[in-house]
Amino acid sequence: MTLRSLLEWGEGQLVLSDVPEAALCAWYLLQACFDEKLDRSRYFLRREEEVCAGTKKKYEAYIEKRSRRVPLEYITGYTEFMGLPFEVDEHVLIPRQDTETLVEIVYPMCGGERVLDLCTGSGCIGLSIGVWGKPSHLVLGDISKEALYVAQRNLKRFREGDDYRYHTPTELVRGDLFENIRGVFDWIVSNPPYIESETIPGLMPEVARFEPVTALDGGVDGLAFYREIIRQAPLYLADHGTLCFEIGHQQGRDVCALMRGRGFEKIEIRKDLAGNDRVVLGVMDRGKVECDV
Ligand code: GLN
């Protein structure tokens, strides 16, 4: 079988299984079968060549998985976020472009400051702040041991690669939100699980069946994690420290109200590139916020 006929076969299978953007997926999966990068021009030069049995088998397995709606990123084990490569697996949420909104707000302002990323998952938020923002200290927290392994591997790659000049002192902490967090921070950032429990089964199959439910489920009204983080955050924020959340596009008013109720100031909602409410942030003034929990 030639490279061209293999790609055409892959696309056909994905179309039959109603996979969105079948042609693009078939191409990315073909690329992922080759160690040396198969770019478009190399493909056109080599497309009439016979494919070796090993590559064919690998591609068939990838296409079979994608036909079952396993997300592309879990098959290739990789995605990009903030222009950086992130390893992912089924224990972490796949980083979304919407989430770059939060990072774009925080990284220009946090140079030399202490940053905590709660519910870090793959580490995409905290580590990209670590690369682009140069904080003095970064803590990544998550309840899932498996997720922290992924964050750890991403950290290691940034630290050891020559491309990123990653020197931010970074710690990974396992625990339920603030459970094992020590010290105070100038920034607490989080993209916590925020989907209403009963909405999850109706989401697209890639999300509902394959992304970790613990990274999605925000309780009955989707706000459980915001409530708990907002309640405890004043104990871990420096005076005039900022709490900054990603939110679901309909949660802006509720999250602002929760932050106002706890005494946060300068509360703002920011939109993502699609014009949806995506981030809420607010500043803590120690004089005004009750710091007992
Ligand atoms: N912080 C990670 C992300 O933004 C994981 C978020 C989560 O698990 N809810 O992708």
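Note that ligands are numbered from 1 as they come in the structure, with each ligand's atoms numbered from 1 the same way.
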Less than 3.5 Å apart, N/O on ligand 1 and N/O on the protein: could you list those pairs with the distances?
from     : atom 1 : to   : atom 2 : distance (Å)
ligand 1 : 1 (N)  : C119 : O      : 3.0
ligand 1 : 1 (N)  : T120 : O      : 3.2
ligand 1 : 4 (O)  : N191 : ND2    : 2.8
ligand 1 : 9 (N)  : N191 : O      : 2.9
ligand 1 : 9 (N)  : A215 : O      : 3.0

Legend entry - L155, V173, T170 screened by side chain to side chain contact (heavy atoms under 4.5 Å, CB included) with L140, the one that passes: T170
Legend entry - Side chains of D39 and S41, donor plus acceptor under 3.5 Å: yes
For residues 234-249, which side-chain N or O atoms pair as donor and acceptor with protein atoms under 3.5 Å away, sequence neighbours left out?
from : atom 1 : to   : atom 2 : distance (Å)
D239 : OD1    : R286 : N      : 2.8
E246 : OE1    : T99  : OG1    : 2.7
E246 : OE2    : Y194 : OH     : 2.8

Legend entry - Sidechain-backbone polar pair: R174 side chain, I143 backbone, donor-acceptor under 3.5 Å: yes
Legend entry - Electrostatic pair E60-K57, nearest N-O below 4.0 angstrom: no
Inset, instruction - Please find out if less than 6.0 Å separates the ring center of F86 from that of F158. - result: yes
